[in-house]
Amino acid sequence: MPSTSTSPASSPPRRVFVTVGSTRFDKLVSAASSDSLLSILHALNYTHLTIQHGQSPKPALSESGSNANRITVDTYQYKPSLREDMDQADLIISHAGSGSILEALRLHKPLIVVVNADLMDNHQLELGSALHDQGHLVCTSVT
């Protein structure tokens, strides 16, 4: 009789994609690669995390932390297009850049937008808050 269990090995991969675009957003990259977030993603049955880190330094990932070998993490600085990573993602976490937001919404992907409070103007906060209020995404910040 065939097994009907859904062990992690037999479940389809669940992917999270984090993007900072062409900016430098060290706080988001650091939070996205933290053991605490990796633990949360693992608990939510995500299996893969891809971080596009832009101008921020490549994230340092713990090889011996509590999440070692539980979730696969890939990182890169830039690609000609983020479309493939967005297509494959089950969840997108993005800076509040309008291009990244619009692309994720076009793909009907769940989207968490993280406002970069270190920028000089607040256009990201205005856009993220407006779309959050309309129920299109979750808008937050990194402290």
Between Pro110 and Leu91, the two heavy atoms sitting closest are O-CD1, 3.6 Å
>> Walk me through whether Tyr78 and Ser22 qualify under side chain to side chain contact (heavy atoms under 4.5 Å, CB included).
In response: CA-CA 8 Å; Tyr78 297 110; Ser22 61; 4.3 Å; yes
- Message: Side chains of Ile93 and Val114, heavy atoms from C-beta outward: is any pair under 4.5 Å?
- Response: yes
message = Set out, in order, the CA-CA distance, both residues' side-chain angles and the distance that settles side chain to side chain contact (heavy atoms under 4.5 Å, CB included) for Val29 and Val18, then state yes or no.
response = CA-CA 8 Å; Val29 171; Val18 177; over 6 Å; no
Here the pair of heavy atoms bringing His95 nearest to Ser100 is NE2-OG, 3.2 Å
Residues at least two apart in sequence or cross-chain that pass side chain to side chain donor-acceptor pair (under 3.5 Å) with Arg14, listed by chain then number, are Tyr46
By side chain to side chain contact (heavy atoms under 4.5 Å, CB included), Pro13 pairs with (sequence neighbours left out) Arg15, Thr47, His48
By salt bridge (charged side-chain N to carboxylate O under 4.0 Å, His left out), Asp74 pairs with (sequence neighbours left out) none
Considering only heavy atoms from C-beta outward, does the side chain of Thr50 approach that of Tyr76 to under 4.5 Å?
yes
May I ask you to decide if Ala31's main-chain N or O and Ser34's side chain share a donor-acceptor pair within less than 3.5 Å? yes
OG of Ser141 to CG of Leu125, rounded to nearest 0.5 Å, is 8.5 Å
Please determine whether residues Leu37 and Val142 belong to a single hydrophobic cluster, defined as Ile, Leu, Val, Met, Phe, Trp and Tyr linked transitively by side-chain heavy-atom distances below 4.5 Å. yes
The reported gap from CD1 in Ile112 to OG in Ser94 (rounded to nearest 0.5 angstrom) is 11.0 Å
Gln77 atom CD, neighbour heavy-atom count above 12 within 6.0 Å:
yes
The side chain to side chain contact (heavy atoms under 4.5 Å, CB included) partners of Leu131 (sequence neighbours excluded) come to Ile101, Leu105, Leu127, Gln134, His136, Leu137
Value for CD1 (Ile51) from OG1 (Thr19), rounded to nearest 0.5 Å, stands at 11.0 Å
* Asked: Is there a side-chain contact between Val20 and Arg24, using heavy atoms and a 4.5 Å cut-off?
  -> no
query: Does the side chain of Leu82 reach to within under 4.5 Å of the side chain of Gln52, using non-hydrogen atoms?
result: yes
Requested in this report: Identify whether Ile40 and Val73 are in the same connected component of the hydrophobic contact network (ILVMFWY, side-chain heavy atoms under 4.5 Å).
Outcome: yes
### Message
Assess the residue pair Leu41 and Leu49 against the criterion (side chain to side chain contact (heavy atoms under 4.5 Å, CB included)); give the C-alpha distance rounded to whole Å, side-chain angles, the decisive distance to 0.1 Å, and a yes or no.
### Response
CA-CA 9 Å; Leu41 294 176; Leu49 170 65; 4.3 Å; yes
CD1 (Ile71) and CG (Leu44) are apart, to the nearest 0.5 Å, by 9.5 Å
Run the numbers on Gln88 and Phe17 for side chain to side chain contact (heavy atoms under 4.5 Å, CB included), then give the verdict.
-> CA-CA 8 Å; Gln88 292 178 353; Phe17 177 57; over 6 Å; no
To the nearest 0.5 Å, atom OG1 of Thr72 lies from atom CG of Leu38 at 10.5 Å
Those residues at least two apart in sequence (or on a different chain) that pass salt bridge (charged side-chain N to carboxylate O under 4.0 Å, His left out) with Asp85 are Lys79
Practice problem: Report yes or no: does Ser56 contribute a side-chain atom to a donor-acceptor pair with the main-chain N or O of Phe25 at less than 3.5 Å? | Solution: yes
Rounding to 0.5 Å, atoms OG (Ser33) and NE2 (His53) come to a distance of 10.0 Å
For Lys109 and Ala89, the nearest pair of non-hydrogen atoms, with its separation, is NZ-O, 2.7 Å
Exercise. Is Pro57 close to Asp26 at the side-chain level, that is, under 4.5 Å between some pair of heavy atoms?
Worked result: yes
Sorted by chain and residue number, the salt bridge (charged side-chain N to carboxylate O under 4.0 Å, His left out) partners of Arg83 (sequence neighbours excluded) come out as Asp87, Glu103
